[in-house]
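Within every chain, numbering begins at 1; the chains are lettered A, B, ... in the order of the sequence lines, protein sequences first and strands thereafter.
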Amino acid sequence: MALKEVLLGPLYIARALATTFKHNTKPIVTIEYPERQKAVPPRERGKHILHRYADGLEKCVGCELCAIACPVGCIVVEAAENTPEHRVSPGERYAKRYEINLLRCIYCGFCEEACPYDAITMGPRYDLADDHPDKFIAVKEDLLEPLSASISDTAIPSGAPSAQPVARKW
Amino acid sequence: MAAVQTDQVTLTINGQSVTVPKGTLILDAAKKIGIDIPIFCSHPKMAPVAVCRMCLVEVEKLPKLQPACAVYVADGMVVKTTTEQVGKYQKDVLGFLLINHPLDCPICDKGGECPLQDQTYQYGPGASRFDFPKAHFDKSVPLSDKILLDRERCILCWRCTRFSEEISGERELALIQRGTNTIIGTFNDEPAQSNYQGNWTEICPVGALTSRQYRFISRPWDLDRTASICPACSMGCNIQIDARSNRIGRFQSRENVAVDDSWLCDRGRFSFPNFQRQGQERPRVRRNGSLEEVSYEEAIAFTADALKHAGGQVAGWASPADTNEELFLFSRLFREVLKSAHLDHRSGVVADAEPDDIALPIADIERCDQVVVLGGQGVIDAAPVLHLRLFKSERKGVKILKVGVTEGKRALDAIPAEAQAIGILATEADKQAAVDLQAKLAKKVKGSVRRLIVTTGPNGRGAKDLGILPHQGPGYASLNGRAGRGRLQWPGAGVKGLYVHESSPLHGFVPSDAESMWLSTLPLVVFHRFKASPLDEVAHVILPGHAFTEKYGTVTNMEGRVQRIRRGIDAEWVREDWRVLQQVANALGASWAYESVEEITGDLVRELPPYAAVNQEARVLWSEST
């Protein structure tokens, strides 16, 4: 008995290794997060983005419809009037203060639906961990698209760490 | 069958029978039985014009739809407001009104409380059939330093122009041009000067007329609304404090037919920035020449100690914008605890107050034959909403005589001996002239002659009623020779200390030149107040208190009506004024144990039974004659 197992041992090893080597040739499932990141669906509801027009002016007019549509009340908006010296948005009114409590937010996307100017959309970012609750109050500067010519309305903001999504099937 | 009353008519609206007096509009008859007819141009205080066509209803036997806001009821009329044809017309009228309306609701201050928005949702078409470019007009045109006009949003309902013509009588706004080019404007585009412009923003059924102060401050759903009283003058107009995040956004009117008839003046409406609180503040006590922050306990102990030191020679000045409850405690602190009669709420020389000063209720101005405004514009300036009441009375046929204070003779000659009811209006400062004129008129005419004296401050009348006077106790009681000195005599009267209480910067203690000299030499000045003022510099104790808009209580207006004010803004770190007064009194040996404002009101009513009127927000009647 023992002798037979000794003699067949290399065979068992070879069979086991065959399984190992077989998987070596198959596509890799694991993603090396955070260096590499999975592409999110185009309609992903991640951290919100406040958009700008092509000329850099903000789309948000501070109408607070997002705030009233929000089922958890996590949005605070205060409006102010544009002046020729201080023009933030094209019309008469802009959002002086725009804050979202990202911990309270349930990422339902109602704000996006309520917005009459497509100023707020849900973005692709989901990596929102941090070390203090206060850091989850996203102020206007955190949410605004950066002022950059290469950014179109729908692109992922350059702040998101996924320049090279892994192009691979599950 | 009983005899048919000739002044009542019965009609049917949507199958429901309703009986209303003759001369009622279909709209009001429908409102009586709870049937809602959409309106834009119609306003209960103005004559019908039927320009918006929103209220079209079907009336049987009439070939076309009729405007419910302009057709009077008739006996046996059959009105239908919900037929298919009415619905179609409502959709079409809204479609027409919206052709050139920019639909910029997201940036419009009216959005959320806009009749056009609400009624479009309720009665309007889902989509516009008009796909041509909209006509564009000027946006945010400043009509004055208070009001902005957005001509695109205007639906030409004429409410503002009619207000200007029928309610204020100033005829400042008018329709200019014709057809689609019609716009609202002032003559030559000059700034509007009316003192009643804020009302335009309230009656505008769209966002065409908006307040510059309230511009983009808030959306209506953010506002915490509190019913209160206007702090600006003694009229006692009912307001609503609209606050967002604990800051006042605006004052809106709240209809009280007996007082303000649903209007406010701009001085009151736009007075709210005076009541915005800047940061937190702690009590301060002057030690070695400089003010040090201390706790309330320490400041109260210091105050009590210093007051005890000054003995009975302490003078007390309470602002005519304090509540009756505070004044009640203030008067008790001085009369019972400090044994001082040097109490005052006045800033100048005025004649003695008497209960007869309120004999003419504000609403009764309309029921007089002749009203003498002694002092003309001076009276209107003291209580601007009175002008609207006088103009309304004048339109009803009351003869209004505006004469100078010294021209009483002119009024006396102009009033015929057969006049039935005569009213005299005058300010507190001109009261003596009013009393003299009243006596002369009473001899000349058969009818009643009554006067209404315009007091100072939202509770000037209450301060007199509660005896914040050197020579009269609560309820105009005589002091039997124990009278104190008034404010003007305090310098040079051996006063060793002064306690000033105020809660409104509009009616604060403003020292005259002579008083400034005296104040700087005074060994004790206790300043219990809401907002910093020059008096801070000479104060030895500064006790922060609540503003008029931050507390509960009651105030008495010029006609003696006791109305409640309520807390619209929370300033919890500030101790209630009445509590501080109580603690000062208790530290001086009293044993008051009030736990709430209501308890003080209860005690006040026990002491002054006429103040039981507070429960009905009615007028305080001191005797049968008033």
Asker: If you count heavy atoms of other groups shown closer than 6.0 angstrom to OH of B/Tyr123, is the number above 12?
Answerer: yes
Asker: Rounded to the nearest 0.5 Å, how far apart are CD1 of B/Ile107 and OH of A/Tyr94?
Answerer: 14.0 Å
Asker: More than 12 heavy atoms of other residues, nucleotides or ligands under 6.0 Å from CZ of B/Phe130: is that the case?
Answerer: yes
Asker: Please determine, among A/Ile68, A/Val77, A/Leu65, the option with the most heavy-atom pairs under 4.5 Å with chain B.
Answerer: A/Ile68
Asker: Ignoring hydrogens and angles, tell me if any N or O in the side chain of B/Arg219 forms a donor-acceptor pair with the backbone of A/Glu64 under 3.5 Å.
Answerer: no
Asker: For B/Phe187, does the CZ atom have more than 12 heavy-atom neighbours from other residues, nucleotides or ligands under 6.0 Å away?
Answerer: no
Asker: Which is it for B/Phe216 and A/Glu92 under the side-chain contact (heavy atoms from CB on, under 4.5 Å) test, yes or no, and what are the steps along the way?
Answerer: CA-CA 10 Å; B/Phe216 304 156; A/Glu92 294 166 62; 4.0 Å; yes
Asker: Under 4.0 Å between a side-chain nitrogen and a carboxylate oxygen: does that hold for A/Arg93 and B/Asp104?
Answerer: no
Asker: Of the non-hydrogen atoms in B/Pro106 and A/Cys63, which two are nearest, and what is the gap between them?
Answerer: O-CB, 2.9 Å
